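Below is one structure, written out as structure tokens; the observations come after it.
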Protein chains: 2
Amino acid sequence: MATTTAAQRRAQARIEYDAFIRSCPTNQLLDRISDKWVSLVVSALAQTDGASMRYSDLGRKLAGISPKMLTQTLRSLERDGILVRTVRPSVPVRVDYELTPLGTSLAGLLSAVKDWAELHIEEVNEARERYDDGDASSEGSRGSAGSGRSSSAS
Amino acid sequence: MATTTAAQRRAQARIEYDAFIRSCPTNQLLDRISDKWVSLVVSALAQTDGASMRYSDLGRKLAGISPKMLTQTLRSLERDGILVRTVRPSVPVRVDYELTPLGTSLAGLLSAVKDWAELHIEEVNEARERYDDGDASSEGSRGSAGSGRSSSAS
DNA sequence: CTGCATCCCTTAGGATACTG
DNA sequence: CAGTATCCTAAGGGATGCAG
């Protein structure tokens with residue numbers, strides 16, 4: 001332990017922390033809804049309430065999603081019991097997806113989030129404008145001061 | 001229109017869809033809490049309820065986070081009015097971070113998410129085991145196609 | 001139609017080193 | 001202590017093409 005490399009200690013801490021994080025249900029769910037497409041798929045399915053959607057229906061609804069991500073998302077959701085996948089041995093194979101009760105409750109949660117967002121988005125936007133406009137603290141003349149931060153949109 | 005490239009059409013759709021998505025407050029918030037560290041920072045700050053934390057306090061609490069991400073996360077949160085950054089011109093500069101009322105309400109939302117997670121995580125885990133164990137029902141050729149996607153960051 | 005495999009490119013995010 | 005600038009890797013996610 002000669003080299004008490006600060007970095008190594010942090011790296012170690014990260015591992016432990018990660019283990020801790022993963023064992024926390026909150027984070028597991030967070031990981032789930034953190035996926036850009038997951039929430040979109042769930043919402044799409046929730047909108048049709050009960051009515052199952054076919055693979056291509058979803059592909060159309062979620063314009064711009066690549067088949068790869070659609071399948072991947074659907075699979076992970078199926079794995080988590082959020083939705084069920086039903087294969088219909090028709091001539092051209094047909095597969096239907098529909099939310100499970102669990103999935104529906106998740107959709108409900110997303111709705112709650114939506115409500116909060118619509119209720120406070122205004123404040124957030126104001127705060128952003130205020131911030132972007134130049135904090136003014138130590139800035140007299142408005143220039144550009146653009147700190148290219150922005151998390152873009154992953 | 002010669003090349004009715006399906007890919008191009010999808011790409012175009014994606015752009016439009018993205019624009020649509022971005023204009024939706026729900027997704028803006030989702031983008032916010034989708035960030036791995038955002039929720040962690042907010043929770044950390046919420047736990048101390050009111051008491052402001054210093055930069056290094058947070059770094060210690062969120063073991064394993066790199067200064068880069070900590071700063072980045074803190075900045076975006078400040079920009080959105082979720083927390084306030086206070087610089088204390090002490091000898092060794094001291095900076096405090098604390099949640100705004102808006103941030104506190106967000107923390108409350110995260111709590112709701114947490115409750116849901118703790119309430120249903122069991123079902124999810126069961127579903128996962130069932131799935132990983134081999135669907136059996138209509139066990140076909142799948143096997144473990146799922147591929148353990150962790151999504152984690154991003 | 002559904003969906004899996006492959007290649008590839010963009011980029012989030014971790015490690016480091018340096019300044020106020 | 002608080003942050004910033006830089007480098008670099010891992011991996012998310014799109015495009016394609018093929019198979020059931």
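Throughout, protein chains are lettered first and strands after them, A, B, ... in sequence-line order, and every chain is numbered starting at 1. Bear in mind the structure is a predicted one, so any value in this text is a computation, not a measurement.
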What nucleotide, of [options], holds the atom closest to the side chain of [X]?
X     : options                : answer
B:A11 : D:dA15, D:dT16, C:dG14 : D:dA15
A:S56 : D:dC1, C:dC1, C:dG3    : C:dC1
B:W37 : C:dT2, C:dG14, D:dC1   : C:dG14
A:R85 : D:dA2, C:dG3, C:dG14   : C:dG3
B:R75 : C:dG14, D:dG3, C:dT2   : D:dG3
A:D35 : D:dG13, D:dC7, C:dG3   : D:dG13
A:S66 : C:dG3, D:dG14, D:dG3   : D:dG14

Could you go step by step and tell me if B:M53 and B:E98 meet the side-chain contact (heavy atoms from CB on, under 4.5 Å) rule? CA-CA 7 Å; B:M53 289 184 83; B:E98 62 182 314; over 6 Å; no
Can you see if the side chain of [X] gets near the phosphate of [N] - specifically, an N or O under 4.0 Å from OP1 or OP2?
X     : N      : value
B:R10 : D:dG14 : no
A:Y55 : C:dC4  : no
A:S90 : C:dC1  : no
B:R54 : D:dC1  : no
B:Y97 : D:dG3  : yes

Given 3.5 Å as the limit, does a donor-acceptor pair link the side chain of B:D35 with the main chain of B:V38, or not? yes
Expressed in angstrom and rounded to an integer, what is the separation of [X] atom [atom1] from [N] atom [atom2]?
X     : N      : atom1 : atom2 : answer
A:M69 : C:dT2  : CE    : C1'   : 17 Å
B:I65 : D:dG3  : CD1   : C1'   : 13 Å
B:L40 : C:dG14 : CG    : P     : 11 Å
A:L70 : C:dC1  : CG    : P     : 14 Å
A:K36 : C:dT10 : NZ    : C1'   : 13 Å
A:L74 : C:dC1  : CG    : P     : 16 Å
B:Q72 : C:dT11 : CD    : P     : 14 Å
B:D96 : D:dA2  : CG    : C1'   : 12 Å

Steps toward side-chain contact (heavy atoms from CB on, under 4.5 Å) verdict (A:H120, B:L102): CA-CA 8 Å; A:H120 300 283; B:L102 181 62; 3.6 Å; yes
Taking the nucleotide of DNA chain D with the nearest heavy atom to each, does A:V93 or A:K68 sit closer to the 5' end? A:K68
Ion pair B:D57/B:R60, N-O distance below 4.0 Å: yes
A:P92 or A:T71, whichever maps to the more 5' nucleotide of DNA chain C: A:P92
Would you mind classifying the nucleic acid contact of A:R88 as base, sugar-phosphate or nothing, using non-hydrogen atoms under 4.0 angstrom? nothing
On a heavy-atom basis, which atom in A:P25 and which in B:A117 lie closest, and how many Å separate them? O-CB, 3.5 Å
Ring geometry between A:Y97 and A:Y55 (parallel below 30°, tilted from 30 to 60°, perpendicular above 60°): tilted
